[in-house]
Amino acid sequence: MDGGQVCEKLGPSLYDFLRKNSYRSFPIALVREVAKQLLECIAFMHELRLIHTDLKPENILLVSPEYIKVPDYKVSSRSPKEGSYFKRLPKSSAIKVIDFGSTTYDQQDQTYVVSTRHYRAPEVILGLGWSYPCDIWSVGCILVELCTGEALFQTHENLEHLAMMERVFGPLPYHMLKRADRHSEKYVRKGRLNWPEGCASRDSMKAVMKLPRLQNLVMQNVDHSGGEFIDLLQGLLRYDPASRLTAQEALRHPFLRELSERRR
């Protein structure tokens with residue numbers, strides 16, 4: 001024996017599950033189950049004064065690899081034509097969060113860049129310092145992705161990423177833009193985002209323009225309890241980290257409270 005660690009056998013990551021499912025959305029009931037477990041995990045970490053800093057679907061594993069196939073009449077733009085009238089659903093919604101390699105203790109004014117691009121909070125991009133709320137922003141992005149099947153912000157560039165945020169959530173607050181650090185101040189002009197003036201290409205402009213508002217995005221994919229889900233997302237994805245929901249507050253939200261009450 002080499003004394004190496006033995007890990008329990010788990011199922012695929014949420015990202016791999018979505019990919020093998022031709023990027024088709026999860027039903028809202030499953031999104032709710034995942035949201036509750038994810039926020040419970042983050043609440044526990046934050047109580048220990050730990051910040052994960054790299055939450056993304058690749059780092060959330062389904063405990064069981066088993067799935068069932070159900071009819072699916074909404075054919076995804078990315079799904080193959082063959083056999084695309086069925087989609088997979090995990091048999092169990094149980095998840096485990098992994099990859100604590102970037103996890104850090106909370107210290108004042110951490111300013112280095114954290115999080116994988118698509119799940120990176122605005123305060124990180126603007127160099128304003130970050131803390132626990134950066135995990136909460138990532139959770140919000142993950143839940144939108146599970147609901148729609150595709151990453152919310154598919155971008156590789158800071159200004160485009162901020163412009164996408166404005167497209168989905170409305171204008172960034174002036175008090176955050178004016179405090180942008182020297183690396184990010186080039187994205188700001190006269191107290192507002194330098195967009196579309198600073199746009200690098202027509203493709204970039206198109207990528208931003210095609211994004212709908214958050215409410216529309218969710219309602220395209222959710223038939224019922226959409227209102228409560230949108231309300232939770234708006235709390236998780238507030239620009240100002242100081243007013244973003246904490247994990248504990250999010251767990252008390254009606255969208256998730258309903259689940260706790262049903263389990264009693």
Chemist: Below 4.5 Å, heavy atoms only, C-beta onward: do R88 and K20 meet side chain to side chain?
Modeler: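 When only atoms from C-beta onward are counted, K20 and R88 do touch, with a gap below 4.5 Å.
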
Chemist: Which residue in the set L233, L251, L232 passes side-chain contact (heavy atoms from CB on, under 4.5 Å) when paired with L245?
Modeler: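 Option passing the side-chain contact (heavy atoms from CB on, under 4.5 Å) with L245: L232.
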
Chemist: Among residues at least two apart in sequence or on other chains, which ones pass side-chain contact (heavy atoms from CB on, under 4.5 Å) with R49?
Modeler: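 Listed in chain order: Y105, D106, Y132.
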
Chemist: When rounded to the nearest 0.5 angstrom, what is the spacing between CG in L193 and CE in M165?
Modeler: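 Going from CG on L193 over to CE on M165, the span is 10.0 Å.
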
Chemist: My understanding is that only residues two or more places apart in sequence, or in another chain, count here; which of them pass ring pair (Phe, Tyr, Trp, His ring centres under 6.0 Å) with Y112?
Modeler: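 Counting only residues at least two positions away or on another chain, Y112 forms a ring pair (Phe, Tyr, Trp, His ring centres under 6.0 Å) with W130.
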
Chemist: Would you say the side chain of Y239 lies within less than 4.5 Å of the side chain of L172, judging by non-hydrogen atoms?
Modeler: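 Side chain of L172 against side chain of Y239, heavy atoms only: contact under 4.5 Å found.
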
Chemist: What verdict does the side-chain contact (heavy atoms from CB on, under 4.5 Å) test give for L14 and E58, after you've listed the backbone C-alpha separation in whole Å, the side-chain angles of each residue and the deciding distance to 0.1 Å?
Modeler: CA-CA 6 Å; L14 291 182; E58 290 89 330; over 6 Å; no

Chemist: Tell me which pairs pass side chain to side chain donor-acceptor pair (under 3.5 Å) where either residue lies in residues 198-211, with sequence neighbours left out.
Modeler: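 Output for this query lists E160-S204.
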
Chemist: Considering only heavy atoms from C-beta outward, does the side chain of I142 approach that of I60 to under 4.5 Å?
Modeler: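 The answer is yes, as the side chains (C-beta and beyond) meet within the 4.5 Å cut-off.
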
Chemist: Quick check: closest heavy atoms across L217 and P212, and the distance to 0.1 Å?
Modeler: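 Closest pair (atom of L217, atom of P212, distance): CD1-CG, 3.5 Å.
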
Chemist: On the six-membered ring of F255, is R32 placed so that its NZ or CZ lies under 6.0 angstrom from the centre and within 45° of the ring axis?
Modeler: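 Yes, a cation-pi geometry.
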
Chemist: Can L61 be reached from Y15 by stepping across I, L, V, M, F, W or Y side chains whose heavy atoms are under 4.5 Å apart?
Modeler: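 In one cluster with Y15: L61, no.
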
Chemist: Roughly how far, to the nearest 0.5 Å, is the CG atom of N221 from the OG atom of S25?
Modeler: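 Answer for the OG-CG pair, S25 versus N221, is 5.0 Å.
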
Chemist: Does some side-chain heavy atom of L62 sit less than 4.5 Å from a side-chain heavy atom of F17?
Modeler: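 They are in side-chain contact.
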
Chemist: Checking the side chain of R167 only, and the main-chain atoms of M209 only, is there a donor and an acceptor separated by less than 3.5 Å?
Modeler: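 Present.
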
Chemist: Would you indicate whether the side-chain heavy atoms of D54 and F100 approach each other to under 4.5 Å?
Modeler: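 Counting from C-beta outward, F100 and D54 never come under 4.5 Å.
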
Chemist: Shortest non-hydrogen contact from I125 to R117?
Modeler: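 Shortest heavy-atom contact: CD1-NH1, 4.3 Å.
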
Chemist: Does a donor on one side chain sit under 3.5 Å from an acceptor on the other, for Y187 and N158?
Modeler: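 Short answer, yes.
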
Chemist: Strictly under 6.0 Å, is that where the ring centroids of Y119 and F153 end up?
Modeler: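 For Y119 and F153, the ring centres are not under 6.0 Å apart.
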
Chemist: Any non-hydrogen side-chain atom of E145 less than 4.5 Å from a side-chain atom of L152?
Modeler: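 Heavy-atom side-chain distance check fails, nothing below 4.5 Å.
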
Chemist: Does any non-hydrogen side-chain atom of L55 lie less than 4.5 Å from one of I42?
Modeler: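 I42 vs L55: side chains touch.
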
Chemist: Look at the rings of H156 and H118 and say which category their plane angle falls in: under 30° parallel, 30 to 60° tilted, over 60° perpendicular.
Modeler: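 Answer is tilted, since the angle falls between 30° and 60°.
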
Chemist: Go through the steps to decide whether V97 and Q37 satisfy the test side-chain contact (heavy atoms from CB on, under 4.5 Å), and finish with yes or no.
Modeler: CA-CA 9 Å; V97 174; Q37 296 172 80; over 6 Å; no

Chemist: Flag yes if more than 12 heavy atoms outside R192 fall under 6.0 Å of its CZ atom; otherwise flag no.
Modeler: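 It does: R192 CZ has more than 12 such atoms within range.
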
Chemist: Between E197 (side chain only) and W195 (backbone N and O only), is there a donor and an acceptor less than 3.5 Å apart?
Modeler: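 Here the side-chain-to-backbone pair exists.
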
Chemist: Would you indicate whether K96, at its atom NZ, is surrounded by more than 12 heavy atoms from other residues, nucleotides or ligands within a distance under 6.0 Å?
Modeler: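 At most 12 heavy atoms, drawn from other residues, nucleotides or ligands, come within 6.0 Å of this atom.
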
Chemist: Quick one: CD on E166 to CG on L211, what's the gap to the nearest 0.5 Å?
Modeler: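 E166 CD to L211 CG: 12.5 Å, rounded to 0.5 Å.
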
Chemist: Keeping H46 on the side-chain end and T246 on the backbone end, is there a donor-acceptor pair under 3.5 Å?
Modeler: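 It does not hold such a pair.
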
Chemist: Indicate the atoms forming the closest heavy-atom contact of G127 with D181, along with that distance.
Modeler: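 Heavy atoms of G127 and D181 come nearest at CA-OD2, 3.5 Å.
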
Chemist: Heavy atoms only: give me the nearest Q248-E47 pair and the separation to one decimal.
Modeler: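 Here Q248 and E47 meet closest at NE2-OE2, 3.1 Å.
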
Chemist: Could you go through L18 and F26, starting from their C-alpha distance and side-chain angles, then the distance that decides it, and tell me whether this counts as side-chain contact (heavy atoms from CB on, under 4.5 Å)?
Modeler: CA-CA 8 Å; L18 282 170; F26 281 180; 4.0 Å; yes

Chemist: Which heavy-atom pair separates C199 from L159 by the least distance, and what is that distance?
Modeler: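 Heavy atoms of C199 and L159 come nearest at N-CD2, 4.3 Å.
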
Chemist: Within the distance-only criterion (no hydrogens, no angle test), does the side chain of R24 pair as donor or acceptor with the backbone N or O of N21 below 3.5 angstrom?
Modeler: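 Yes: the side chain of R24 pairs with the backbone of N21.
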
Chemist: Looking at H175 and D240, would you say the former's side chain and the latter's main chain have a donor-acceptor pair under 3.5 Å?
Modeler: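 Side chain of H175 to backbone of D240: no pair is present.
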
Chemist: For the side chain of T53 and the backbone of S115, is there at least one donor-acceptor N/O pair under 3.5 Å apart?
Modeler: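 Checking the backbone N and O of S115 against the side chain of T53, no donor-acceptor pair under 3.5 Å is found.
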
Chemist: Answer whether the closest heavy-atom distance between the side chains of P65 and P12 falls below 4.5 Å.
Modeler: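 Side-chain contact under 4.5 Å: yes.
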
Chemist: Ignoring hydrogens and angles, tell me if any N or O in the side chain of D135 forms a donor-acceptor pair with the backbone of I51 under 3.5 Å.
Modeler: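 Between the backbone of I51 and the side chain of D135 there is no qualifying donor-acceptor contact (under 3.5 Å).
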
Chemist: Do R189 side-chain atoms and N194 backbone N/O form a donor-acceptor pair below 3.5 Å?
Modeler: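 Looks like no, no N/O pair under 3.5 Å.
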
Chemist: Could you state whether L38 and V63 fall into the same hydrophobic cluster, counting links through intermediate Ile, Leu, Val, Met, Phe, Trp or Tyr residues with side-chain heavy atoms under 4.5 angstrom apart?
Modeler: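 In one cluster with L38: V63, no.
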
Chemist: Please find the pair of heavy atoms, one from L237 and one from F169, that lie closest to each other, and give the distance.
Modeler: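 For L237 and F169, the tightest heavy-atom pair comes out as CD1-CZ, 3.7 Å.
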
Chemist: Are the side chain of R120 and the backbone N or O of E123 linked by a donor-acceptor pair below 3.5 Å?
Modeler: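 Not confirmed, R120 side chain does not pair with E123 backbone.
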
